[in-house]
Amino acid sequence: AGGVRISSRVYGAGRRPSPGAGGSAEPEAAARRGVRVGSCLVGRAKPAVGLPGTLPARRAVAMSSLSPIQIPSRLPLLLTHEGVLLPGSTMRTSVDSARNLQLVRSRLLKGTSLQSTILGVIPNTPDPASDAQDLPPLHRIGTAALAVQVVGSNWPKPHYTLLITGLCRFQIVQVIKEKPYPVAKVEQLDWLEEFPNTCKTREELGELSEQFYKYAVQLVEMLDMSVPAVAKLRRLLDSLPREALPDILTSIIRTSNKEKLQILDAVSLEERFKMTIPLLVRQIEGLKLLQKTRKHKQDDDKRVIAIRPIRRITHIPGTLEDEDEDEDNDDIVMLEKKIRTSSMPDQAHKVCVKEIKRLKKMPQSMPEYALTRNYLELMVELPWNKSTTDRLDIRAARILLDNDHYAMEKLKKRVLEYLAVRQLKNNLKGPILCFVGPPGVGKTSVGRSVAKTLGREFHRIALGGVCDQSDIRGHRRTYVGSMPGRIINGLKTVGVNNPVFLLDEVDKLGKSLQGDPAAALLEVLDPEQNHNFTDHYLNVAFDLSQVLFIATANTTATIPPALLDRMEIIQVPGYTQEEKIEIAHRHLIPKQLEQHGLTPQQIQIPQVTTLDIITRYTREAGVRSLDRKLGAICRAVAVKVAEGQHREARLDRPDVAEGEGYREHIVEDTKPESINDTTDLALPPEMPILIDFHALKDILGPPMYEMEVSERLSQPGVAIGLAWTPLGGEIMFVEASRMDGEGQLTLTGQLGDVMKESAHLAISWLRSNAKKYHLTNASGSFDLLENTDIHLHFPAGAVTKDGPSAGVTIATCLASLFSGRLVCSDVAMTGEITLRGLVLPVGGIKDKVLAAHRAGLKRVIIPQRNEKDLEEIPGNVRQDLTFVTATCLDEVLNAAFDGGFTVSTRPGLLNSKL
Ligand code: ADP
């Protein structure tokens, strides 16, 4: 159903004719006025005055409210086929065909009289594109029209747009000429008499026109009267003669061209009325339908608006129609019920009751509504009293820990102790365990195993980079977007109050303006305080005493002392190569195979290959990188296996004629044993795929780490030290060189203060003992720094190094430089030195020794007082290495140089001195 298209043009809203519309200013203005009035008055009675552009004509037009229009008896014909112009309406038509163009040029652009602007518009008749073509059959009836405006352009081709106003109907009597444009003798049809003469028709017509008028009024009144054009139309309905209405209304309402043509052809007024009334009725019905649907929508809107206030004021459940509303109310009732039945402590219960009372009074649109509701939901969800029962069977725990983890005896022992004590004394306020060790040594996975052995829920809280204390303790509820802290969130997630919480990476807690999260953790971890831990968001105490906290860290150095004090540190050292091989074959490889959908029948990784991966493709204390490399191998093999199966299936397809047989064949093929009878590359690979050195190179690329020790030690002034880093032990080269200068010592390689001091200590000791060891500078003087500068460098300059344990290495390196002797290439050392040449104990011996072993060194010099630490070192590593324990630098130097570094007492030398 469409609306009514109202064209204000119909009522002569006053469109200026273009200058090109012909004629001088005066007749033109008159024409304009004439058109305006004329168009309204088409159909007025009594034919009388013509329309010449003379004074009487002007008067006639000006007074046209009284005078009817008479059209010339010969009219140039404008052939149109786009629309139908009805008397009394205005239309724009475009002119681009040959005859029509001629007409416009010679009649409208050149002509100066008003008369020349009257055309006969023939509808439904396309004008042929070229002159040469014959005229098509012309529609019999046309509309005499006044050209009000001509707008033209020459680009892209000559083209005019005419604004024409219909005056009256005419009928073609005879076509006088066809070129350059058709001209016809015409007969005016609308004599525009008020009513036909006979009485009968007058009555009938009167009735018809009355009926028509009523419909027209009904239609117009359905429209929006505030629109000026509608108001004007309403006025026109009364002021216009009834006979003019059918034509005008037909051009206003939604009608097809065909319908308009029928109206045009309806010459008799009676017929015209009869034909137009159904069109009007149709339009009215369409409008009614439209208004009905619009009203529905408006009503809905109004209803929603009306309901809301009622709900807010009354709050009587059951009386509300809105579904949402019901749901909300249900929610609140549910929430209330949950609070009543929840086993939360009294204090929390009171808070909840208070909050729900507030919530009920609150309008839903308030931001606080959602906040309070979230708060209450969290409160009822928290496991205030819900816990799992511990399964404390130490024997089972031991088996489980052993099954999950290879080696790490010390850690497992301590964990079992801890669990045993828990078994004996249920509410143990024991220390918090903190596993400290390099990455990938299984700290997290032991934590998970502990939870499994106890039958508790496990939740990991990653603390790395947390620098806001509200991350731990929550935001106060006054903040927008406030949330509980990670501890309370974790409890909500696991749904019990005695989970195992793994506080991962406590050594990487940050600090910022938002407070110190480590300080917030103090309360969480202190067994004396954490039974009433208060999260800022909850604002009521929650008992954390049942939670088992386990922390992990890479180093204790960055853990704040107060926090460290509350934890029991268990060192988890890195693994030896042998341990890694075992871990790989017992745990990592089976896990990777499963993850990649492979079976041991499809891939075989021998131990030598694992060792190759460990030594040449990874350099780490843990096994994470090893795990990744094994993953890469599995992926590569998975591709081969999948390709092989595919190829096999394709190869076999032509051989198998029947579908049944084909299926059986494929089933057989998926068994890897059935494919090992060919070496052809185009055929599937032999199973199991063996990962040897070459395969390793194909998959992982060339080895990343090669043993470089012997190369580096081919000159005097280089020694190998052992360093401890949070990532495990490492071997570290120390290089020294001397040059002419003024006795300055340059140190490079990002050294800390302690290390710089060690360097000074070593130089001072060597200078004071230069004669004893016969150490000289370049010019042979015992004053080592005379005219000499020394440069000490610790490679991997991007890594900051500090600590006293490099003392012996620096001393050895400088001794090599000044003596010109090479340090043994298979010796590594560690130890702090004093000014008098004593060697003091250092930490991290196990990691350092393992690093030396990894690097393929044979002898390790350690401080004597560290001898006890050697017990921790696995037997096989101890067997491979020789340990030299030293109490003073003499012993260190003796062990570091081939043939010893003894006091120079050779007589020859002394003689030459004398
Ligand atoms: P961390 O927490 O120390 O950085 P993870 O616990 O994440 O290391 O361990 C990394 C991976 O190495 C895990 O898949 C773990 O199962 C495996 N892993 C480490 N140590 C062992 C071990 N001793 N026995 C079996 N698997 C181990």
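All ligand and atom numbering here is 1-based and tracks the order in the structure. Values below: every heavy atom of this structure, side chains too, minus hydrogens, waters and symmetry copies.
Polar contact check, G442 against ligand 1: a nitrogen or oxygen pair lies under 3.5 Å apart. Considering backbone and side-chain N/O atoms, L588 never comes within less than 3.5 Å of an N/O atom of ligand 1.
Distances from ligand 1 to the non-hydrogen atoms of D404 include at least one value under 4.0 Å. Not a single heavy atom of A407 sits closer than 4.0 Å to an atom of ligand 1. Using a 4.0 Å cutoff on heavy atoms, P439 counts as a contact of ligand 1.
Listed by number with element, the atoms of ligand 1 under 4.0 angstrom from any heavy atom of K591 are 14 (O), 16 (O). Each of the following atoms of ligand 1 lies closer than 4.0 Å to a heavy atom of V623: 12 (O), 17 (C), 18 (N), 19 (C). Close contacts between ligand 1 and Y406 involve ligand atoms 22 (C), 23 (N), 24 (N) [criterion: under 4.0 Å to a heavy atom]. The ligand atoms of ligand 1 that sit less than 4.0 angstrom from a heavy atom of V441 are 3 (O), 8 (O), 19 (C), 20 (N).
Classification of D404 and K452 as a salt-bridged pair holds, one side-chain N sitting under 4.0 Å from a carboxylate O. Remark: R414 engages E417 in a salt bridge, criterion side-chain N to carboxylate O under 4.0 Å.
With 3.5 Å as the limit, one finds no donor-acceptor pair spanning the side chains of N866 and T885. Defined by atom type and a distance below 3.5 Å, a donor-acceptor pair is missing between the side-chain atoms of N530 and S545. Side-chain contact of K580 with T618: a donor-acceptor pair under 3.5 Å is absent, judged by distance alone. Q602 and T599 share a donor-acceptor pair across their side chains, judged by distance under 3.5 Å alone. Between the side chains of S470 and H536, not a single donor N or O lies within less than 3.5 Å of an accepting N or O. Checked by atom type, the side-chain pair H853/T576 shows no donor-acceptor distance below 3.5 Å.
Here T552 has no heavy atoms under 4.0 Å from ligand 1, in either its backbone or its side chain. Contacts of E579 with ligand 1, taken as heavy-atom pairs under 4.0 Å, are absent altogether. Under 4.0 angstrom from ligand 1, the non-hydrogen atoms of K443 come from both its backbone and its side chain. Only the side chain of I583 comes within 4.0 Å of ligand 1, judged by heavy-atom distances.
Protein heavy atom closest to atom 20 (N) of ligand 1, with residue, atom name and distance, is Y575 OH, 2.9 Å. When hydrogens are left out, the protein atom nearest atom 2 (O) of ligand 1 is T444 OG1, 2.4 Å; that is the closest non-hydrogen contact. If you check which protein heavy atom lies closest to atom 4 (O) of ligand 1, you get R624 NH2, 2.6 Å. The nearest protein atom to atom 6 (O) of ligand 1, hydrogens excluded, is given as S445 N, 2.9 Å; this is a heavy-atom distance.
Atom CZ of R865 sits in a sparse spot, with 12 or fewer heavy atoms from other residues, nucleotides or ligands closer than 6.0 Å. The neighbour count for E594 CD, taken as heavy atoms of other residues, nucleotides or ligands under 6.0 Å away, does not exceed 12.
Formation of a donor-acceptor pair under 3.5 Å by the R456 side chain with backbone atoms of N498 is found in this model.
Distance screen at 4.0 Å: atom 25 (C) of ligand 1 has a protein heavy-atom neighbour inside the cut-off.
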